[in-house]
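Shown next, in structure tokens, is the structure this report addresses.
Computed from a prediction, not measured in an experiment: that's the story for all the values here. Below, chain A is the first sequence line, B the second, and so on; all start at residue 1.
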Amino acid sequence: MSSSAAVIGGCAAVTFAIKAAGPVALGGRQLPLAAQQILGLLAPGLLAALVVVSTLADGKHWAVGAETAGVAVAGLVYWRSRSIVACVVIAAVATAVLRAL
Amino acid sequence: MDRAKFRAGFRDATPFGVAGLLVSGSFGVVAIDAGFSPLAAIVMSAIVFAGSAQFAAISIIAGGGAPSAAIIAAALMNSRFLPMGIALAPSLPGGALRRALQGQAVVDSSWAMSSNGDGTFDRWYLFGATAVQYVTWVLGTAAGVFGGDLIGDPEKLGLDAVFPAFFVALLITEVKDGRMFGVAALGAVIAFALVPIAPAGVPVLVASLAALIGLIRR
């Protein structure tokens, strides 16, 4: 319990600090236009990177598994249906079915 | 308080909240497997409330890693909230403490949804969108913690695919033009290339440079 308390407390503290940093440091000032444009482009790059790391990597190795295919199928479903619930359910079902084969 | 905006955010993000039940449920199962007590797992979801960071930290603990390594991984995973918070900053009123607290409402989906597309954000919409996801995040964790024994191996049910699929959906929602697509593709390539050589979390952080390159190459 003591080590999990350290992990939880540490994670909570760093998360709070990171989320607070931008709003506190920047005050209410507007950013220059170029900076605003960069910030508008951050989410696509970060999200794509998160997808890659969580579907094509296992630790420090590249890896393809049932979840890779499951997530790909889920992406197609979301692209066509725009239903987030269908997307995550299909991801789990497709991955589970592939693993059961 | 702008109740209408708050409600609109709450309503629009409800599908993400429902999906979050599955994601946080799988977190609860994994946390118990990693040796966390039920209370610890639920408290973690309640006070950290950051899916990718929680998964990153718990997977390091499960693999026998040190608490410090888990915390650093969580910080790196959360580093994307830094630019998101910077982008949000001009849209938040109040003094330092109030701004710091409002900044806690940033989670990927809410942040993306509350963007007005011109560099400004609708804060009450953001708060509403995050509120529904916070409630389901904590409830889902509790369900995973206490229901984990019933479902057995989470990987057998494909629960590990839920979280990445969630990010894919956010990505598809977010990419609205060719330049954004280019930045997404570049971010993916950067992260992929860095996986074998950089510590966990760093590939995602470095991939944020894709935005800078996307702006220069227009």
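Both the backbone and the side chain of B:Ala96 come within less than 4.5 Å of a heavy atom in chain A. For a residue to count as touching a neighbouring chain, one of its non-hydrogen atoms must lie under 4.5 Å from one of that chain's; by this rule B:Ser115 does not touch chain A. For B:Ile197, the part lying under 4.5 angstrom from a heavy atom of chain A is the backbone only. For a residue to count as touching a neighbouring chain, one of its non-hydrogen atoms must lie under 4.5 Å from one of that chain's; by this rule B:Glu155 touches chain A with backbone and side chain alike. B:Ser26 does not touch chain A: none of its heavy atoms, backbone or side chain, sits under 4.5 Å away. The part of A:Val14 that comes within reach of chain B is its side chain, from C-beta onward, which places non-hydrogen atoms under 4.5 angstrom from that chain. Residue contact with chain B, scored on non-hydrogen atoms closer than 4.5 Å, involves the backbone and the side chain of A:Ala34 alike. Within the 4.5 angstrom heavy-atom criterion, only side-chain atoms of A:Ala74, from C-beta onward, approach chain B.
Each of B:Val48, B:Asn78, B:Leu101 was scored for a side chain to side chain contact (heavy atoms under 4.5 Å, CB included) with A:Phe16, with one residue passing: B:Leu101. Here the rule is side chain to side chain contact (heavy atoms under 4.5 Å, CB included) with B:Val168, and of A:Leu76, A:Val51, A:Leu47, A:Leu50 only A:Val51 fits it.
For CG of A:Asp58, the number of neighbouring non-hydrogen atoms (other residues, nucleotides, ligands) closer than 6.0 Å is 12 at most. Taking a 6.0 Å sphere around NZ of B:Lys156, one finds it holds 12 or fewer heavy atoms contributed by other residues, nucleotides or ligands.
A distance of 5.5 Å separates OG in A:Ser3 from CD1 in B:Ile61, rounded to the nearest 0.5 Å. Distance CD1/B:Ile58 to CD1/A:Ile8: 7.5 Å, rounded to 0.5 Å.
Nearest heavy-atom pair, A:Ala20 versus B:Ala100, reported as atom, atom and distance to 0.1 Å: CB-CB, 3.6 Å. Shown here for A:Val71 and B:Ala161, the closest heavy-atom pair between the two residues is CG2-O, 3.6 Å. Between A:Ile18 and B:Ala75, the shortest heavy-atom contact is CD1-O, 3.4 Å. Of all the heavy atoms in A:Leu41 and B:Gly214, the pair that sits closest is CD1-C, 4.1 Å. Across every non-hydrogen atom of A:Pro44 and B:Val175, the tightest pair is CB-CG2, 4.2 Å. Here the closest heavy-atom approach between residue B:Pro90 and residue A:Leu26 is recorded as CD-CD2, 4.2 Å.
Each of B:Ala207, B:Ala165, B:Ala50 has some count of heavy-atom pairs under 4.5 Å with chain A, and the biggest count is that of B:Ala165. Considering only heavy-atom pairs separated by less than 4.5 Å from chain A, the leading option among B:Ala87, B:Gly187, B:Ala169 is B:Ala169. Highest contact tally toward chain A, considering only B:Pro196, B:Ala191, B:Ala210, is held by B:Pro196 [criterion: heavy-atom pairs under 4.5 Å]. Of all the listed residues (B:Phe181, B:Phe55, B:Phe163, B:Phe166), the one sharing the greatest number of non-hydrogen pairs under 4.5 Å with chain A is B:Phe166. Contacts with chain A were tallied for B:Ala105, B:Ala41, B:Pro164, B:Ser208; B:Pro164 has the most, counting heavy-atom pairs under 4.5 Å. Across A:Cys11, A:Gly10, A:Ala25, the residue that shares the most heavy-atom pairs under 4.5 angstrom with chain B is A:Cys11. Here B:Ile172 is the residue among B:Leu186, B:Val189, B:Ile172 with the most heavy-atom pairs under 4.5 Å with chain A.
Contacts between residues 89-98 of chain A and chain B, defined by a heavy-atom separation under 4.5 Å, are made by A:Val89, A:Ala91, A:Ala92, A:Thr95, A:Ala96. By a heavy-atom distance cut of under 4.5 Å, A:Tyr78, A:Trp79, A:Arg82, A:Ile84, A:Val85 are the residues of residues 78-86 of chain A near chain B, going up by number.
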Residues B:Val195, A:His61; criterion side chain to side chain contact (heavy atoms under 4.5 Å, CB included); working and verdict: CA-CA 7 Å; B:Val195 159; A:His61 303 279; over 6 Å; no
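A donor-acceptor pair is defined here as one N or O able to donate and one able to accept, closer than 3.5 Å; such a pair exists between the side chain of A:Lys19 and the backbone of B:Val106. Between the A:Trp62 side chain and the B:Phe192 main chain, a donor and an acceptor come within less than 3.5 Å of each other.
Using a 4.5 Å heavy-atom cutoff, the side chains of A:Thr15 and B:Phe49 are not in contact.
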